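As the structure is a prediction and not an experimental result, all values here were calculated from the model.
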Amino acid sequence: MNPTDPLANLRDIHLPEAISWWPLAPGWWILIALLSIASIFACMALFKHHQTRLYRRQAMQHLQEIKHLQGQEQLIELFKLLKRTAISAYPEQTIANLKPRALVGYLQDTCKKPIFVHIPDDLETMLYAEQAAVPEDFLSSAMVWAKVWIEQHPQRISTENSPPC
């Protein structure tokens, strides 16, 4: 050491060790936990939504199968499908014992769009008589209206404003 040179006593700069990203700070652990919980709830909500729409997907699939039928058989299967779908959509309502006209009224009341606007007077005859003639224009309209109702009826309706059964 040189007593006359004060700079000779200086040492090199020692840099601190680089900051590691691991282990994480507590704030990051809290954020990871919150994001994990939010992801689990989002996945559960999506799964529940998917499950609650299952009856719609099945009804649309059955509607595609009904398209291959003809005349009275197609109309009968269509009304069976609509009744089953309505029962699945609104289990708290008494839909199973509705007659065809009452069922059509119920479907009209639970749909946002106008459906089944022109119903023939002899609807019950077309459904229940042996070998009844069904007009093709009504049959094709009924298929379209059924598709609209299946796709667009509200999931749940208020029991206060529900149509009388």
Side-chain angles (χ1 to χ4, degrees), residues 21-120 122-128 132 134-165:
W21 63 274
W22 194 261
L24 296 177
W28 285 110
W29 285 111
I30 293 171
L31 182 65
I32 289 171
L34 291 176
L35 287 176
S36 298
I37 291 169
S39 298
I40 289 170
F41 278 114
C43 289
M44 287 172 40
L46 284 173
F47 180 74
K48 183 177 178 184
H49 178 72
H50 182 74
Q51 287 299 102
T52 58
R53 295 185 55 85
L54 176 65
Y55 76 95
R56 288 184 200 248
R57 290 190 304 278
Q58 289 173 339
M60 290 303 292
Q61 183 180 12
H62 192 69
L63 189 64
Q64 293 299 323
E65 295 168 6
I66 290 174
K67 283 184 180 180
H68 302 296
L69 301 175
Q70 297 297 319
Q72 184 184 22
E73 186 181 9
Q74 185 179 27
L75 187 64
I76 291 169
E77 288 299 316
L78 180 66
F79 270 80
K80 285 180 185 177
L81 171 66
L82 287 171
K83 190 174 272 195
R84 276 195 314 263
T85 306
I87 290 169
S88 294
Y90 310 115
E92 68 279 353
Q93 304 290 321
T94 51
I95 301 168
N97 59 354
L98 292 179
K99 299 209 183 306
R101 286 213 176 272
L103 177 64
V104 167
Y106 188 84
L107 297 176
Q108 289 171 334
D109 290 342
T110 57
C111 190
K112 298 172 188 172
K113 291 190 175 182
I115 57 170
F116 293 98
V117 288
H118 302 292
I119 303 297
D122 58 344
L123 177 64
E124 284 83 5
T125 305
M126 283 189 249
L127 286 168
Y128 300 126
V134 179
E136 278 299 316
D137 58 335
F138 172 69
L139 200 52
S140 62
S141 297
M143 292 293 286
V144 170
W145 291 327
K147 181 179 180 194
V148 167
W149 184 82
I150 291 169
E151 289 176 341
Q152 298 186 4
H153 69 273
Q155 186 67 31
R156 294 279 178 230
I157 56 174
S158 171
T159 55
E160 298 167 357
N161 299 329
S162 63
C165 295

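A distance of 6.5 Å separates CD1 in I115 from CD in Q108, rounded to the nearest 0.5 Å. With values rounded to the nearest 0.5 angstrom, I37 atom CD1 is found 12.0 Å from I32 atom CD1. Here CG of L103 is found 9.5 Å from CG of L123. Values are rounded to the nearest 0.5 Å. Once rounded to the nearest 0.5 Å, the distance linking OH of Y90 with OH of Y106 reads 6.0 Å. Within the model, atoms CD1 of I87 and CG of L98 stand 8.5 Å from one another, a figure rounded to the nearest 0.5 Å. To the nearest 0.5 angstrom, L127 atom CG is 4.5 Å from L75 atom CG.
Applying the salt bridge (charged side-chain N to carboxylate O under 4.0 Å, His left out) definition to pairs two or more places apart or across chains, those involving residues 77-87 are E77-K80. Sorted by first and then second residue, the side-chain hydrogen bond (donor to acceptor under 3.5 Å, both in side chains) pairs with a member in residues 64-75 read H62-E65; sequence neighbours excluded. The stretch residues 24-57 participates, sequence neighbours left out, in these ring-ring contact (aromatic ring centres under 6.0 Å, His included) pairs: W22-W29, Y55-H153.
When all heavy atoms of L107 and A86 are compared, the pair lying nearest together is CD2-CB, 4.5 Å. When all heavy atoms of A59 and L81 are compared, the closest pair comes out as O-CD2, 3.7 Å. Residue M126 comes nearest to P135 through the heavy atom pair SD-CD, 3.7 Å, listed as atom of the first residue, atom of the second, then distance. Among all heavy-atom pairs drawn from R101 and D122, the shortest one is NH2-N, 4.3 Å. Closest approach of L139 and G71 over heavy atoms only: CD2-O, 3.6 Å. Taking both residues in full, the closest heavy atoms of I150 and R56 are given as O-NH1, 2.9 Å, listed atom of the first, atom of the second, then distance.
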(request) Could you go through the side chain to side chain contact (heavy atoms under 4.5 Å, CB included) check for F116 and L82 one step at a time? (result) CA-CA 12 Å; F116 293 98; L82 287 171; 3.7 Å; yes
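Y128 pairs by the side chain to side chain contact (heavy atoms under 4.5 Å, CB included) definition with P100, E124, not counting sequence neighbours. Residues forming a side chain to side chain contact (heavy atoms under 4.5 Å, CB included) with S141 (at least two apart in sequence, or on another chain): W145. With sequence neighbours left out, L54 forms a side chain to side chain contact (heavy atoms under 4.5 Å, CB included) with R57, Q58.
Residue-environment remark: CD (Q51) exceeds the threshold of 12 foreign heavy atoms within 6.0 Å.
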